[in-house]
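Structure, as structure tokens:
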Amino acid sequence: MDLKIKQMTTVDFLVDSVDDTGFVIGKNGDSAVPVGTVFNLISKIRIDGDTPDLKTIDLGKFAEVALILKEVECFRRSLAGIPHGYSADCGFPAPGWTC
């Protein structure tokens, strides 16, 4: 019997805004995020200080969700995922999704 175990990883995607068409606009962290990735937690942070001495303050869990990354646009092109360290427009179609 073949048993495949998929390891859960933590992906940080900092949301900047949501545009009029419902795309979530934000910046990816250190890992590439492929289309099909399921985001299951939204947490809030606050950034304090002045550049270059910025500090991230964790404000805790905001909501448990099941958002599937359906599409990614970067530099006006559709991509198979969000490259690490890039900003992108991301489509998360889900029933009742509002911001």
Side-chain angles (χ1 to χ4, degrees):
M1 173 193 296
D2 241 353
L3 180 62
K4 294 184 181 182
I5 299 173
K6 185 175 181 179
Q7 183 176 353
M8 304 262 309
T9 58
T10 299
V11 175
D12 291 325
F13 183 80
L14 300 176
V15 175
D16 179 56
S17 61
V18 178
D19 72 13
D20 294 338
T21 64
F23 269 83
V24 176
I25 301 163
K27 184 177 185 321
N28 189 16
D30 294 332
S31 303
V33 183
V35 168
T37 297
V38 178
F39 289 83
N40 57 18
L41 178 68
I42 296 174
S43 59
K44 293 176 88 172
I45 63 167
R46 181 179 70 231
I47 299 175
D48 285 341
D50 296 313
T51 306
D53 299 316
L54 297 173
K55 295 179 181 140
T56 302
I57 311 297
D58 183 2
L59 300 177
K61 180 170 67 172
F62 178 72
E64 291 184 15
V65 296
L67 297 174
I68 301 169
L69 181 60
K70 294 290 188 181
E71 56 185 313
V72 174
E73 288 184 15
C74 187
F75 300 114
R76 297 185 179 163
R77 298 180 62 206
S78 288
L79 301 178
I82 311 167
H84 80 277
Y86 275 75
S87 293
D89 298 347
C90 302
F92 292 99
W97 169 252
T98 59
C99 288

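None of these values were measured; they are calculated from a predicted model.
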query = If you look only at pairs with a residue in residues 56-65, which of them pass as a side chain to side chain donor-acceptor pair (under 3.5 Å), with sequence neighbours excluded?
reply = Lys61-Glu64
inquiry  = Under a 3.5 Å distance rule, please check whether Asp50 uses its side chain to pair with a backbone N or O of Asp53 as donor and acceptor.
reply    = no
ask   = Same cluster or not: are Val15 and Ile42 linked, directly or through other Ile, Leu, Val, Met, Phe, Trp or Tyr residues, by side-chain heavy atoms under 4.5 angstrom apart?
value = yes
Ile45-Val24 co-clustered via ILVMFWY side chain contacts under 4.5 Å = no
Distance-only criterion, 3.5 Å: show the donor-acceptor pairs between side-chain atoms of residues 76-83 and protein atoms not counting sequence neighbours.
none

request  = Could I get the full list of side-chain contact (heavy atoms from CB on, under 4.5 Å) partners for Thr37, not counting sequence neighbours?
outcome  = Val33, Pro34, Phe39
request  = Can you see which heavy atom on Leu69 is nearest to which on Val72, and at what distance?
outcome  = CD2-CG2, 3.8 Å
message = Through direct or indirect side-chain contacts below 4.5 angstrom among Ile, Leu, Val, Met, Phe, Trp and Tyr, which residues connect to Tyr86?
response = Phe75
inquiry  = side chain to side chain contact (heavy atoms under 4.5 Å, CB included) for Ile68 and Val38? Distances and angles first, verdict last.
reply    = CA-CA 4 Å; Ile68 301 169; Val38 178; 3.9 Å; yes
inquiry  = Applying ring-ring contact (aromatic ring centres under 6.0 Å, His included), can you list everything that pairs with Phe62, at least two apart in sequence or on another chain?
reply    = none
Pairs involving residues 21-47, ordered by first then second residue, that meet salt bridge (Lys or Arg N to Asp or Glu O under 4.0 Å) (sequence neighbours left out) = Arg46-Asp48
Distance, nearest 0.5 Å, that separates CG of Leu67 from CG of Leu41 = 10.5 Å
